[in-house]
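To start, the structure under review is shown below, and the notes come after it.
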There are 4 protein chains.
Amino acid sequence: MDARVEQEELSGKRARAKAANRQAILEAARQVFARMGADAATVRDIIRETDLAAGTFYNYFRSKEEVFEALANEGVQRFRSRLASVRARATSLEAYLKAAYSAYFEFLNEENEEAIERGAPHAAMIGVRVDTPEMHAVFEEIRADFEHVAQSSGLSLSDSGFLTAAAIGIAREVGDHMLRRRPVDTAGAVEFATQLFMNGAGTLATTRKK
Amino acid sequence: MDARVEQEELSGKRARAKAANRQAILEAARQVFARMGADAATVRDIIRETDLAAGTFYNYFRSKEEVFEALANEGVQRFRSRLASVRARATSLEAYLKAAYSAYFEFLNEENEEAIERGAPHAAMIGVRVDTPEMHAVFEEIRADFEHVAQSSGLSLSDSGFLTAAAIGIAREVGDHMLRRRPVDTAGAVEFATQLFMNGAGTLATTRKK
Amino acid sequence: MDARVEQEELSGKRARAKAANRQAILEAARQVFARMGADAATVRDIIRETDLAAGTFYNYFRSKEEVFEALANEGVQRFRSRLASVRARATSLEAYLKAAYSAYFEFLNEENEEAIERGAPHAAMIGVRVDTPEMHAVFEEIRADFEHVAQSSGLSLSDSGFLTAAAIGIAREVGDHMLRRRPVDTAGAVEFATQLFMNGAGTLATTRKK
Amino acid sequence: MDARVEQEELSGKRARAKAANRQAILEAARQVFARMGADAATVRDIIRETDLAAGTFYNYFRSKEEVFEALANEGVQRFRSRLASVRARATSLEAYLKAAYSAYFEFLNEENEEAIERGAPHAAMIGVRVDTPEMHAVFEEIRADFEHVAQSSGLSLSDSGFLTAAAIGIAREVGDHMLRRRPVDTAGAVEFATQLFMNGAGTLATTRKK
DNA sequence: CATGAATGAGCATTCATTCAT
DNA sequence: GATGAATGAATGCTCATTCAT
């Protein structure tokens, strides 16, 4: 009885403590992964960054991989929610692209800012790089967006799979390249990526003066 | 005199054996990396795939990473040499792109054929995926090619860094996508990637009939 | 409240277990070192003598050397505390020597008894043989004792460093020799060493009858 | 026939080459042992210091221990031959002691000079420290010398075993101590050790002025 | 639920030794 | 007899995971 009452009284606190522990582990993992790479990191490395005991880790995750996945999904989800806003407001293909690239490049910049400042060589995009079911879902969302926008404009896309892949490829590589430049110019990257995807390299080259 | 000849004969055999062993380790590593991923793989996994003894590994490589690097460089070099032929024959930007994408997609297909058939989920491009000095060199080569071809055509590229990044991004993602389709259609991928890069998505969408 | 009490009970048990494990490792190491020599011994040899698991060793010591050192210091400290009593009661140089030699030879005998009975060829004095900072401290203690006792007697020692070295040398070699005789005669060894150090070999040789 | 003749022609050369190889290994071992300690040293370390191949080592020695023993015996033998000269010329106990201590301290100094200059922390007396049959032989030789000299002087030693042990103990510790002082004063050490052994500490202490 | 010591499988690596050449 | 690559047993050590408290 006593125990039960106590348990119920505590349940709120406990739930909060549980959530806090889970978050603590995730945050520690994020830092450790960034600092030494997810592959080199060990569960011990993560738990050491925490004030929890080794065994406690296993109350929340079954393995390092599970943490990694959780972290990755978290990242993807963050981007996905941004993409959802974009989708809602998209009118033309070009407008959609601009908004989507903008969302991605901003996201990339924000996510890496914290890590890069801390001198974290392995930072580069834990959340969005990995080949997970979540990432495939994002691919399909974008493809659907493309098709939807195209349809609205009375267009038929030749190969939406390839188009989506290309859009994503541009985002990734141009995004990485953008991060290496100082100052980081997301607006420029958005402009470039959108122009290239819409009109090709032709418009990006100018006839030289003699 | 006699001794010298004999010694050379011997060292010939030995040298051949050494080279063979090195190759055996590399080949085993390629398979192991493909099967279980380079990070999960251990030196033991590699040497087990071989009929060599554990210690022998260390006569040839100092660590798993060294094997990985050797393998990666090997792959990049193979592609680089193809790229060199392309460069030699490039006339216009479009011709260069077509040839380069063709080189890459064919390369991708060949390299992965063997691995995919063996059911190797981690196959996807050890040689060309990793972020090595070699890869940066390839990036710069392509950028230089772009600038050279542009100059020949009397054009000035707006941002050769971003352009190169975009071209590579398209290659990577469209390439991966291509591999997932059956039958693998490299020619179609080449056509798509070239068109997109040159003219943008506009030309790839057709006005729908009502 | 309850929890606190419980925790202390638990930690008590744990603490006891930890101490017991540490002792078990030390004792096992002592035996193994005695049996096969500290250099030939491996961590596995030590842990095998224990009912602990291999990894547990590293919860207590970082290496075999650390165990060795702990063991050596332990031995030296045991002897040092005996020497402290001797010092407290020393009046003349001869009295000090007698007491110190007695302390050492008894110590030597006791420490090696257990080991020799078990047929341990490498027993001979882990604790006092090695060249550690602890041993140097003992050297300096003895030298200080010499000077102090001499001063009390109104004497000035010619070379306290050499004198200390000589006293220790005699202790070591005569002590080892003593251990090889049956029955072990510590009293005789004390008498001999003291006489030799005080008066030289002259008093130990008697004129032969014709 | 041909082969035989060739072999016989070479036999001289070969014998010399064999001896040279053996010496090369011994010398390399001496250096390696001095540099890193005999226990830490490996056969590889030794052979690396040589221009011989790994396998060649085993044509001359069966193991590192055998080299060590050879080296140790060599050292003891060198000292033994000096001791033999001493013995030949010894008249009184004091004269013998003086000569023997002199022989040992000089020997110690010479053997370690080369090593210490090269910055070899592990040098300290490979040749004379170890507990080998050879060392026991030396012990017995000295004991016999003691008895012989005593007899010549019409004396009877109380306990020649302990006396010998004491003399050796003094030699060892005073010798080590001597090596630590700069400049190394072998003459002083000889004087001290002889005086102490002959007359005890009494003569080495002087009454203090009030 | 938290704790943290124990576990023991598993890994990288070294090394003495062998042996085909 | 010399060579030096191959061998594979052995070692130190780490780490994910368990479980008594």
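Reckoned from all heavy atoms, side chains included, excluding hydrogens, waters and symmetry mates. Throughout, a chain's letter reflects where its sequence line sits, starting with A, and its residues are numbered from 1.
- Under the side-chain hydrogen bond (donor to acceptor under 3.5 Å, both in side chains) criterion, Arg48(C) pairs with Asp45(C), not counting sequence neighbours.
- Residues meeting the side-chain hydrogen bond (donor to acceptor under 3.5 Å, both in side chains) test with Gln23(C), sequence neighbours left out: none.
- Not counting sequence neighbours, the partners of Arg78(A) by the side-chain contact (heavy atoms from CB on, under 4.5 Å) test are Arg30(A), Glu74(A), Phe107(A), Glu111(A).
- Partners of Glu49(D) according to the side-chain hydrogen bond (donor to acceptor under 3.5 Å, both in side chains) rule, which considers only residues two or more places apart in sequence or in another chain, are Arg35(D).
- Nucleotide dA2(E) holds its C1' atom 11 Å from the CD1 atom of Ile25(A), rounded to whole Å.
- Between Glu65(D) atom CD and dT17(E) atom C1' the separation is 13 Å, expressed in whole Å.
- Taking Glu69(D) as the reference, nothing meets the side-chain hydrogen bond (donor to acceptor under 3.5 Å, both in side chains) condition, with sequence neighbours excluded.
- Rounded to a whole Å, the CZ atom of Phe61(A) is 16 Å from the P atom of dT18(F).
- Across all strands, Arg62(A) comes closer than 4.0 Å only to sugar-phosphate atoms, never to a base (heavy-atom distances).
- Checked against side-chain contact (heavy atoms from CB on, under 4.5 Å), Ala54(B) has no partners two or more places apart in sequence or in another chain.
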Per-nucleotide protein contact string for nucleotides 5-11 of chain F, where B marks a base within reach and S marks sugar-phosphate only (heavy atoms under 4.0 Å, - for neither): SBBB--B

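- Atom OH in Tyr58(A) sits about 5 Å away from atom C1' in dT17(F), given to the nearest Å.
- Here dT14(F) presents its C1' atom at 17 Å from CD1 of Ile47(A), a figure rounded to the nearest Å.
- Remark: P of dA16(F) and CD1 of Ile46(A) are 8 Å apart, rounded to the nearest angstrom.
- Sequence neighbours left out, the pairs with a member in residues 55-66 of chain C that pass side chain to side chain donor-acceptor pair (under 3.5 Å) are Asn21(C)-Tyr60(C).
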Secondary-structure notation, DNA chain E, from Watson-Crick and G-U pairs under 3.5 angstrom (| other strand): .||||||||||||||||||||

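- Side-chain atoms of Thr42(D) come within 3.5 Å of backbone atoms of Arg44(D) as a donor-acceptor pair (strictly under, hydrogens ignored).
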